[in-house]
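Working notes for the structure below.
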Amino acid sequence: VANLIARGLVKGFDGSLNADGSVTRAEFVTLLYRIAGSFTDAASLADGTQAAVLKGDSALKDVAAGRLCIDCSAAKLSLTNTKVDELTLRCDELDSFTMDDASSIGTLTLALGDGGFTLPKGARVGTLRLLRAPKMTADAQTDKVELTGSGLYANISGKHSVLAVAGSGNTVTLAKDAELSALTVCGSGNIVAEAGGYGNSSVSVGSISVWGSKNTVSATTTGGSAATVYLAGTGCSLHLVPVAGFTAATVDGSGSKLDMDPFSDSAVTGPAGTLTLAGSGNNARIWSDSTIGDVKVSAYGSWLTLNTTGTGTLRLPGSHNTAVKRRRGAPRAAPLAAHGHAPGAC
């Protein structure tokens, strides 16, 4: 309130704000005109500005700013030797976006109307956040990509530390050269899949976490393994084609499905780690030409299929679960220690 008064946007009446009173339409329209009048253009933006709203097409050059918001009237935006901590694009239709190698953006938030958006290669952006953008392509390397809106379509290529998909009904396609250190999917009804179809790509994914409701992830891991896999939520699916197993996998949801299938007899070359199956009504299937570590099924009414050459200790402390051990390649002894605490535990 003090800031609004200091900027002359709110003036009150007879020296009083009348905070308990009602505002008339005329008074509110006056406030809107004063706010719109405080918008500036790119040519008037001073170096070191902490916060500002820019109107119209903007060509920023040789400036550093804290937080900038581009209003809905902009169709073109360019950054030359410009550094912005937070940049928000709220444009009805953005025709072009460019930035040179000397420019950087800490957090770029997109809330766009019709049309697509492409983050160019070489763009230095810390976090790319999508609130609203019908179609988006990220070619540049970023630290984080966040989809927090709904009904978004995004194509992700290049190397990123974190890809987080929230909201609902989002569709994300991972290009063949995509490298993700961590993938997190929550919300509901989101789909993450590799280009070319399941098992036909060379996407590299590190740690994977999937929860929420009816989320589906289908990703190929190459050049390494998913360090940890965590599948929770309700009715979620996680399909992986691992090449070197995983450190630890946990299924702790309800009616969720974990499927690790190499698609060939030589795809998985390294041993898999531990597997924990909790929750209820889950389904896990692990196919590997190598071994898997200790397995614990503490779920209820879940189904586990292991198609591995070797298995560590298999424990089933839950109830009404089914564990099927199949062998591929050279047979190997697999100790089984079942601990049933209820009828039909094993």
Side-chain angles (χ1 to χ4, degrees), residues 3 7 35-149 152-165 170 172-173 175 177-181:
N3 191 31
R7 297 181 62 179
I35 293 175
S38 69
F39 291 1
T40 186
D41 52 34
S44 303
L45 183 67
D47 185 35
T49 298
Q50 291 301 308
V53 178
L54 302 183
K55 57 185 177 181
D57 296 344
S58 299
L60 303 176
K61 184 177 181 180
D62 301 330
V63 295
R67 291 176 295 147
L68 297 180
C69 181
I70 310 298
D71 79 348
C72 60
S73 64
K76 298 179 181 179
L77 175 63
S78 64
L79 282 71
T80 304
N81 191 32
T82 295
K83 295 177 175 57
V84 184
D85 295 335
E86 299 179 27
L87 179 61
T88 300
L89 304 183
R90 292 190 176 275
C91 308
D92 287 339
E93 187 171 349
L94 187 65
D95 294 333
S96 66
F97 173 86
T98 60
M99 56 186 299
D100 64 359
D101 295 340
S103 299
S104 63
I105 302 173
T107 299
L108 175 59
T109 300
L110 303 179
L112 306 178
D114 296 334
F117 177 86
T118 299
L119 184 65
K121 291 184 177 181
R124 297 171 57 192
V125 176
T127 298
L128 177 62
R129 181 176 297 136
L130 276 72
L131 300 179
R132 188 176 69 252
K135 294 182 180 180
M136 192 279 298
T137 300
D139 291 329
Q141 177 176 341
T142 64
D143 185 42
K144 296 180 180 179
V145 178
E146 302 175 353
L147 278 74
T148 59
L152 306 175
Y153 291 86
N155 297 308
I156 307 297
S157 62
K159 187 175 181 180
H160 309 276
S161 296
V162 178
L163 171 60
V165 184
N170 296 304
V172 179
T173 300
D177 65 341
E179 295 183 29
L180 306 175
S181 299

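We number each residue from 1, following the sequence as shown.
Of all heavy-atom pairs spanning Ala46 and Thr49, the tightest one is O-OG1, 2.6 Å. The nearest pair of heavy atoms linking Lys55 to Ser73 is C-OG, 3.9 Å. In this structure, Leu89 and Leu112 approach most closely via the heavy-atom pair O-CD2, 3.7 Å. In terms of heavy-atom proximity, Phe97 sits nearest to Thr118 at CD2-O, 4.4 Å. Heavy atoms only, all atoms of each residue included: Leu77 and Leu94 are closest at N-CD1, 4.4 Å.
Looking at heavy atoms from C-beta onward, Thr127 lies in side-chain contact with Glu146 at the 4.5 angstrom threshold. By the 4.5 Å heavy-atom criterion applied to side chains, Leu130 and Asn170 are not counted as neighbours. With a 4.5 Å cut-off on side-chain heavy atoms, Leu163 and Leu147 count as touching. Contact of the Leu79 side chain with the Thr98 side chain is not registered, since no non-hydrogen atoms from C-beta on lie closer than 4.5 Å. Put simply, the side chain of Leu110 reaches to within 4.5 Å of the side chain of Leu128, judged on heavy atoms. With a 4.5 Å cut-off on side-chain heavy atoms, Thr142 and Leu119 count as touching.
Side-chain atoms of Asp47 come within 3.5 Å of backbone N or O of Ala64 as a donor-acceptor pair. No donor-acceptor distance shorter than 3.5 angstrom exists from the side chain of Asn155 to the backbone of Ala175, with no hydrogens or angles considered. Side chain of Thr82 to main chain of Ser104: no donor-acceptor pair is present (N/O by atom type, distance under 3.5 Å, no hydrogens or angles). Although no hydrogens or angles enter the test, the distance criterion places no donor-acceptor pair under 3.5 Å between the side chain of Ser103 and the main chain of Lys83. At least one donor-acceptor pair closer than 3.5 Å links the side chain of Ser58 to the backbone N or O of Gly56. A donor-acceptor pair under 3.5 Å is formed between the side chain of Asp57 and the backbone N or O of Ala75. The main-chain N or O of Asp71 is never found under 3.5 Å from a side-chain atom of Arg90 such that the two would form a donor-acceptor pair.
Expressed to the nearest 0.5 Å, how far CG of Leu152 lies from CE of Met136 amounts to 8.5 Å. Rounding to the nearest 0.5 angstrom, the gap separating the CE atom in Met99 from the CZ atom in Arg124 is 8.0 Å. Interatomic distance, CD1 of Ile105 versus OG1 of Thr88, reported as 10.0 Å (0.5 Å rounding). With rounding to the nearest 0.5 Å, the separation of OG in Ser161 from NZ in Lys159 is 7.5 Å. Taken to the nearest 0.5 Å, the CG atom of Leu54 stands 6.5 Å off from the OG1 atom of Thr40. Rounding to the nearest 0.5 angstrom, the gap separating the OG1 atom in Thr137 from the NZ atom in Lys121 is 11.0 Å.
The environment of Phe39 atom CZ is dense: over 12 non-hydrogen atoms of other residues, nucleotides or ligands sit within 6.0 angstrom.
A donor-acceptor pair shorter than 3.5 Å cannot be found between the side chains of Thr80 and Asp100.
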